[in-house]
Amino acid sequence: MLNVERLCVKKDGEFEVLHECTSAKNAGVKKQERALYEQRTQQNLQKLAVMQEKLYADGKEGVVVILQAMDAAGKDSAVKHVIGALNPQGVDIVSFKQPTKEELAHDYLWRAVRALPTRGKIAIFNRSYYEDVLVVQVHHLEKTYRMAERCIDDDFFEKRYRQIVDFERYLYENSYRVVKIFLNVSKERQKERFLERIDDPAKNWKFSQADLKERAHFESYQKVYRDVIDATAKRDTPWYVVPADQKWLARYCISEILVNTMNEINPEFPELSDEEKAGLAQCRTLLTADSQEEKEKNKK
Ligand code: AMP
Ligand code: MG
């Protein structure tokens, strides 16, 4: 089966960068193997549910999963089918839309900081502060910012790359894991999915004319994604480039990545101190005495 570590970009490491990898075929996976992959995804989801409970009980590490992609790459469906299997109590799902006036009046990491999960929880960022180096770079939006001129210079995005690397390092050093996933869809498959959205009335709401305008910049986005991933993939805060043309394969990859991350965290149910154990034993005695009393009462 496909080893997702092959899709992992860890800049300082020995890993291959697979920017061209959009489909099962590119990834060396046969379509006949689909059932096997789906089965493995289900097993992963069951494992994740158990590990998530431990993560929550342990409360020592927080997890931020960043999902980035072009339109129709399957972010929403990944959230529904993979993240949907987790206990909603331990998960925050945050969508990063066009910034509001209030958000634009702050630094770009402000809204991400506010969205960080408490330790023990998993936050799914459906888009993220990476939009501030992606869409903003492709459309030169930095020129529209109300910021001092000294800040908007030729190194604008280079500086943001550094800030993002520093921010993620800060999170890692403060007991957070940041896992970044780029769902890599081909231009061809995006077209097919757009056509489905146009042709199927039940999917019309998913399509907006603005999506076509973005599609016109597909190649620019690919280039910028490549730069961004190369600049911000680090050993402890890696990027995964996941082939997204087949949703069953993307879901398998995401579930594997999450299981691997949880294995690294290795959460355990908290061990009670001797004093706490004695307290529990005392409660047990009280409760059983209680039920003994109830029985006596009922007899009468
Ligand atoms: P969707 O995820 O399809 O609901 O669309 C959200 C839209 O908001 C996308 O087109 C994003 O590119 C856009 N967006 C998110 N963050 C920013 C940002 N910081 N600046 C400009 N546009 C953004
Ligand atoms: Mg959209």
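Each ligand, and each atom within it, is numbered from 1 in the order the structure gives.
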I need the atoms of ligand 1 closer than 4.0 Å to a non-hydrogen atom of D132, numbered in the order shown. 19 (N)

Taking 4.0 angstrom as the limit and counting only heavy atoms of R111, give me the atoms of ligand 1 inside it, by number and element. 16 (N), 17 (C), 18 (C), 19 (N)

Share the residues that join F194 in a hydrophobic cluster, the rule being Ile, Leu, Val, Met, Phe, Trp or Tyr side chains under 4.5 Å apart at the heavy-atom level. I198, F207, L212

Sequence neighbours excluded - ring-ring contact (aromatic ring centres under 6.0 Å, His included) pairs with any residue from residues 124-154: F96-F125, Y129-F167, Y130-W239, H139-H217

Just to be sure I'm reading this right: ignoring hydrogens, which of E142, K97, M70 gets closest to atom 4 (O) of ligand 1? Compare them by their nearest heavy atoms. K97

Quick one: do the Q190 and D71 side chains pair a donor with an acceptor below 3.5 Å? no

Please confirm whether K213 comes under 4.0 Å of ligand 1, counting heavy atoms of the residue only. no

Contact partition for R127 relative to ligand 1, non-hydrogen atoms under 4.0 Å: side chain

Side-chain contact, heavy-atom cut-off 4.5 Å: Q246 with Y37? no

From the list K75, R127, E131, side chain to side chain donor-acceptor pair (under 3.5 Å) with Q68 holds only for E131

